[in-house]
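We use all heavy atoms of the structure for the numbers below, so side chains are in, but hydrogens, waters and symmetry mates are not.
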Amino acid sequence: MSGGEGNEEYGRKRFERSASHFTDRITADGRDGRRVEAGRYRLVVSRACPWASRAVISRRLLGLEDALSMAIADPVQDDRSWRFTLDPDGRDPVLGIRFLKEAYDARESDYPGGVSVPAVVDVPTGKLVTNDYQRLTLDLATEWTALHRPGAPELYPQGRRDEIDAVMAEVYEDVNNGVYRAGFATEQKEYEEACTRVFRRLEALSERLAGQRYLVGETITEADIRLFTTLVRFDPVYHGHFKCNRWKLSEDPVLWAYARDLFQTPGFGDTVDFDHVKRHYYRVHTGINPTGIVPLGPDLSGWLTPHGRADLGGRPFGDGTPPGPVPAAEVVPPRGRA
């Protein structure tokens with residue numbers, strides 16, 4: 001998710017998601033020039049951003065907290081990009097910078113696409129390595145295996161990749177990106193087409209999930225992570241702020257139960273900060289919400305209610321185990337929890 005420049009244009013110009021400009025990969029053998037190394041890199045995220053939240057969830061499920069440190073940006077940017085105002089003196093304690101833009105500028109000047117999260121920064125040099133949100137989590141699952149915790153799940157299993165890729169492509173086009181196309185539409189027809197596609201895809205996913213616990217196979221995969229990060233934001237922001245209001249997530253029995261099942265699974269709900277989510281969308285997108293008022297609702301207590309999805313079978317972590325407790329420094333403050 002880009003930050004800083006152009007927030008007033010959201011809702012005033014046609015939405016187009018920028019491709020990642022920095023696509024260096026960090027691999028086990030270093031074939032792309034960067035080798036996996038514990039402590040070498042820092043993951044910069046915003047808990048508000050669904051694209052960054054993919055990386056937060058994957059990192060936690062795989063147990064990479066000690067190998068890949070994490071910086072959490074303020075959910076409200078200014079024109080200088082994502083800020084580290086949540087840290088003492090407004091500086092990231094590892095990188096020593098006030099704004100993520102400084103790591104981008106250290107890598108390249110006049111880069112296209114703005115300053116986005118998730119971003120991986122090389123700690124020794126302070127330079128950005130990658131902001132490739134599509135590839136990053138796949139590499140965490142497949143290239144960082146030597147640093148995974150014992151019992152880490154297979155989030156991108158070899159024998160299921162074609163099916164996972166196909167499901168993720170549909171989810172990305174119509175749901176992950178679709179809510180943005182609807183929310184930032186500048187013409188009625190553009191909005192209606194995007195909104196229609198969002199709900200058509202959600203209805204198809206609801207049918208798929210009516211008889212199976214997870215999107216692909218019997219275990220949690222990358223596909224579930226990518227759908228979850230949109231679903232968990234749906235009622236708090238996309239239903240109202242982005243006008244995706246044919247129905248609420250909580251009004252679809254299957255998707256609502258599926259989302260609650262994941263939310264209550266260690267590694268998912270314990271990474272979600274609803275306070276960050278709401279403050280970012282309602283305060284930053286001034287082209288849509290010029291007053292910057294953040295709504296009080298919706299009631300979040302439903303996320304913790306029984307879901308009944310275990311009756312469908314499935315093994316959330318396959319032959320693995322759940323992650324342990326959230327590191328103390330990464331616990332979501334009470335204000336952001338359900």
Side-chain angles (χ1 to χ4, degrees), residues 1-11 13-26 34 41-59 68-86 92 95 97-122 126-140 168 172-173 175-181 183-184 225-226 229-230 233 237-238 242 271 273 276-277 279-281 283-288:
M1 180 181 290
S2 296
E5 299 177 1
N7 295 327
E8 292 184 358
E9 294 183 347
Y10 292 159
K13 61 183 292 188
R14 184 179 178 86
F15 173 73
E16 292 185 14
R17 185 165 302 283
S18 300
S20 299
H21 177 63
F22 300 99
T23 58
D24 293 11
R25 293 179 62 191
I26 302 169
R34 298 280 183 175
Y41 308 101
R42 188 153 173 83
L43 174 66
V44 181
V45 303
S46 164
R47 290 196 190 273
C49 171
W51 320 100
S53 292
R54 295 177 182 177
V56 178
I57 293 170
S58 296
R59 171 180 174 270
L68 177 62
S69 67
M70 184 169 73
I72 301 172
D74 191 305
V76 180
Q77 312 104 299
D78 65 16
D79 288 340
R80 294 165 291 184
S81 82
W82 296 98
R83 309 175 294 168
F84 296 108
T85 51
L86 304 180
D92 178 79
L95 300 174
I97 57 178
R98 293 186 181 277
F99 304 94
L100 179 56
K101 186 177 188 298
E102 296 174 57
Y104 275 69
D105 290 343
R107 167 72 185 269
E108 181 181 315
S109 59
D110 299 323
Y111 45 85
V115 177
S116 65
V117 289
V120 176
V121 179
D122 181 59
K127 295 180 180 180
L128 178 77
V129 175
T130 181
N131 67 346
D132 190 350
Y133 61 91
Q134 294 284 49
R135 186 71 233 179
L136 174 58
T137 49
L138 300 180
D139 282 344
L140 291 181
M168 291 194 304
Y172 173 79
E173 183 64 26
V175 181
N176 299 147
N177 220 28
V179 293
Y180 281 82
R181 285 200 304 272
F184 295 153
I225 295 172
R226 296 190 181 198
T229 57
T230 295
R233 289 163 174 75
V237 290
Y238 301 147
F242 278 179
T271 69
D273 190 323
H276 279 205
V277 168
R279 284 198 287 129
H280 170 77
Y281 282 90
R283 290 187 57 188
V284 171
H285 298 164
T286 55
I288 300 174

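Side-chain contact between V277 and R47 is absent, with no heavy-atom pair separated by less than 4.5 Å. H280 places none of its side-chain heavy atoms less than 4.5 Å from the side chain of V76. W82 is listed as a side-chain neighbour of S46, based on a closest heavy-atom distance under 4.5 Å. By the 4.5 Å heavy-atom criterion applied to side chains, V56 and M70 are counted as neighbours. Counting heavy atoms from C-beta on, the side chains of V120 and R42 never come closer than 4.5 Å.
By the 30° and 60° cut-offs, the orientation of the rings of Y281 relative to Y180 is tilted. Between F242 and Y238, the angle of the ring planes stays under 30°, which puts this pair in the parallel group of the 30/60° scheme.
Salt bridge status for D92 with R98: absent, with no side-chain N to carboxylate O gap under 4.0 Å. Residues R107 and E102 are not paired through a salt bridge, judged by the lack of any N-O separation under 4.0 Å between the basic side chain and the carboxylate.
Within a 6.0 Å radius of CZ in R283, no more than 12 heavy atoms belonging to other residues, nucleotides or ligands are found.
No donor-acceptor contact under 3.5 angstrom links the side chains of D24 and T130, judged on distance only. Residues T23 and D132 have side chains that never bring a donor and an acceptor to within less than 3.5 angstrom of each other.
Under the side-chain contact (heavy atoms from CB on, under 4.5 Å) criterion, S53 pairs with T229, R233, sequence neighbours left out. A search for salt bridge (Lys or Arg N to Asp or Glu O under 4.0 Å) contacts involving D122 returns R34, R40, not counting sequence neighbours.
Ring centers of F84 and F99: at least 6.0 Å apart, outside the cut-off.
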